[in-house]
2 protein chains.
Amino acid sequence: MARRNDHSRDEIKALALDAAEALLIEEGVAGVSARKVATRIGYTAGSLYQVFANLDDLYWQINLRTLKRLNSALLPRQSLGAAEQLAGLASDYVTFAKQHRALWSLLFEHRSASSCSMPEALSQQIEQLFQEIEVLLARLNPRADSEQVRCAARAVWGGVHGVAVLTLRDKLFLQQTTAEQAILASLIENFINGWQQESGHASTAAY
Amino acid sequence: MARRNDHSRDEIKALALDAAEALLIEEGVAGVSARKVATRIGYTAGSLYQVFANLDDLYWQINLRTLKRLNSALLPRQSLGAAEQLAGLASDYVTFAKQHRALWSLLFEHRSASSCSMPEALSQQIEQLFQEIEVLLARLNPRADSEQVRCAARAVWGGVHGVAVLTLRDKLFLQQTTAEQAILASLIENFINGWQQESGHASTAAY
DNA sequence: AACCTTAATTAAACATCGTTTAATTATCAA
DNA sequence: TTGATAATTAAACGATGTTTAATTAAGGTT
């Protein structure tokens, strides 16, 4: 058969992404194959290549979707103080990771073979997140210079990310299921306490 | 041909692991295939299955090696104070990750399809690392109870791990190459400062 | 209506993959 | 010398990502 015109290009793209996400959730990343995705939407593997450059392209587009959802899962909480906002963001982040394990894993743990560099759209979304953190940290310690704030934002967010990673991999060896929230609280609280009393001296110790 | 007896079982195992590691470093995880590994050591793909249950088994054994190397890359520094020891360990950890990108990525980012649970030997090594951290943190804040220490150890080490992950993925958007050391320093220093002044009250805030 | 161009869709092919199987053959014990 | 054992291989199987040529429907032009 040929030229069915059942769906527009964009429709097929959306259908394929939906099917791939479902497959990803059901069977994990290993379960996502061109043939399976295509079959689910009533097409053939070859058709996908009219809409995606390759499977990595499809993965990146799923990641873009995931990152958008993640951004909208990070609630504002503007009524609270900066410390509570930061803790809330961290909690939201890890909660999202737990709720969308498969999508989150693809976003952060999938090695793409072909185009090793991240698409521009993805980078921008991440950088935007960093800037939110920087604003909060600057408010918590107005004495810190911009370079310190940059460092601290990456430190604390790397930390939150690390807790999320290890939680999803069960590499924290926790008893309770909800314990990662206590760990997050420890991370944020202690970091902020230290950050608020940080003096202006640049701390570049070498080990 | 058959029954060459050129090498013992253990020798073949070691040869295969060496070849697989080299392949991993040269071409990334996608470049490691049963046929390629076998060819490199002068055998055939089928022979590997006499020594490994499957490729995931081979991956786990590489990971076990990597973890041992990582452990011996974490230098003691017993002459220094607890804070400096912790910072040193963190620095060693990220340095190791950068120096052994491919091996490190396999250890922490490879999703194994078949046996999803981690082998016992791996878990033990990780738990041992956590306990070192706990000792140092307990020394830094003797007022903290054991549950707080457990949380803090996982928080700070999750944090270090997260910085390592994001560094290797270039998702921290850093200018300088050495900047991740500054970030690590910020993480450790601020966390420890907060941790040392932490009072005994349990902090279980919900967001 | 008839024709032609265009573009979507498919089936088939290709190389590769992990893994299993049967066949081969070297080694060792009797 | 024979026979059992075990290592090794070649070949097969199903599945993968991707490309290719062939098909055929749709849309515009006469």
Side-chain angles (χ1 to χ4, degrees), chain A residues 1-17 19-24 26-63 102 106 110-116, chain B residues 1-17 19-24 26-63 102 106 110-116:
Chain A
M1 301 146 231
R3 186 96 196 191
R4 298 175 355 200
N5 259 23
D6 289 351
H7 308 95
S8 73
R9 261 178 131 76
D10 286 342
E11 281 170 341
I12 291 184
K13 204 173 210 166
L15 283 174
L17 288 175
E21 279 183 9
L23 223 33
L24 189 61
E26 292 170 24
E27 310 184 20
V29 64
V32 180
S33 78
R35 287 174 176 84
K36 279 200 228 171
V37 169
T39 304
R40 284 215 174 192
I41 64 174
Y43 282 84
T44 303
S47 292
L48 293 182
Y49 290 81
Q50 194 125 65
V51 170
F52 303 101
N54 45 40
L55 273 203
D56 269 337
D57 183 17
L58 185 148
Y59 289 149
W60 282 122
Q61 308 225 18
I62 291 182
N63 285 342
L106 186 74
H110 179 67
R111 279 243 102 85
S112 53
S114 33
S115 64
C116 204
Chain B
M1 301 149 235
R3 186 99 197 191
R4 298 174 353 199
N5 260 22
D6 288 351
H7 307 95
S8 72
R9 263 177 129 77
D10 285 344
E11 282 172 339
I12 292 184
K13 205 172 208 167
L15 284 173
L17 288 175
E21 279 183 10
L23 223 32
L24 190 60
E26 292 170 25
E27 309 184 22
V29 64
V32 180
S33 77
R35 286 174 176 84
K36 279 200 227 171
V37 170
T39 303
R40 285 215 175 192
I41 62 174
Y43 282 83
T44 304
S47 292
L48 293 182
Y49 289 82
Q50 195 126 65
V51 171
F52 302 101
N54 45 41
L55 273 204
D56 270 337
D57 182 18
L58 185 148
Y59 289 148
W60 281 123
Q61 308 225 18
I62 292 181
N63 286 340
L106 186 73
H110 179 67
R111 278 245 104 86
S112 53
S114 33
S115 65
C116 203

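All values below come from the heavy atoms of this structure, side chains included, with hydrogens, waters and symmetry mates left out. Each chain gets a letter, A, B and so on, in the order the sequences are listed, and its residues count up from 1.
Under the salt bridge (charged side-chain N to carboxylate O under 4.0 Å, His left out) criterion, E27(B) pairs with K36(B), not counting sequence neighbours.
We find that CG of L48(A) is positioned 16 Å from C1' of dT20(D), with the value rounded to whole Å. Here the P atom of nucleotide dT9(C) and the CD atom of E11(A) are 11 Å apart, to the nearest Å. The CG-P distance, from L23(B) to dG18(C), rounds to 10 Å in whole Å. Between N54(A) atom CG and dT16(D) atom P the separation is 17 Å, expressed in whole Å. Note: CG (D56(A)) to C1' (dT16(D)) measures 14 Å, nearest angstrom. Protein atom CZ of R4(A) is 10 Å distant from nucleotide atom P of dA11(C), rounded to whole Å. Following rounding to the nearest Å, F52(A) (CZ) and dA8(C) (C1') show an atom-to-atom distance of 16 Å. We find that OH of Y43(A) is positioned 12 Å from C1' of dA25(D), with the value rounded to whole Å.
Closest heavy-atom contact between L23(A) and G31(A): CG-O, 3.5 Å. Minimum interatomic distance between A38(A) and A45(A) (heavy atoms only, all atoms of both residues): CB-N, 3.5 Å. Nearest heavy atoms, A20(B) versus I62(B): CB-CD1, 3.7 Å. Across all their heavy atoms, R4(A) and G42(A) have their closest contact at NH1-O, 3.2 Å.
From H7(A), atom NE2 reaches atom OG of S47(A) across 11.5 Å, with rounding to the nearest 0.5 Å. Note that the CG atom of L106(A) and the CD atom of E21(A) stand 9.5 Å from one another [nearest 0.5 Å].
Within 4.0 Å of V51(B), counting heavy atoms only, lies no atom of the nucleic acid at all. Within 4.0 Å (heavy atoms only), I12(A) reaches sugar-phosphate atoms of the nucleic acid but no base atom.
Two residues, R35(A) and A45(A), neighbour DNA chain C, and the one matched to the more 5' nucleotide by heavy-atom proximity is A45(A). Between S47(A) and L55(B), the residue whose closest nucleotide on DNA chain C is further toward the 5' end is S47(A).
Each of dA11(C), dT27(C), dC17(C) was ranked by its minimum atom distance to the side chain of K36(B); first place goes to dC17(C).
Checking the phosphate oxygens (OP1, OP2) of dA15(D), no side-chain nitrogen or oxygen of S33(A) falls inside 4.0 Å. Within the 4.0 Å cut-off from OP1 or OP2 of dG18(C), not a single side-chain nitrogen or oxygen of Y49(B) is found.
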Between the protein and nucleotides 2-6 of chain D, list the N/O to N/O atom pairs that are separated by less than 3.5 angstrom.
from	atom 1	to	atom 2	distance (Å)
dA6(D)	O4'	R3(B)	NH1	2.8

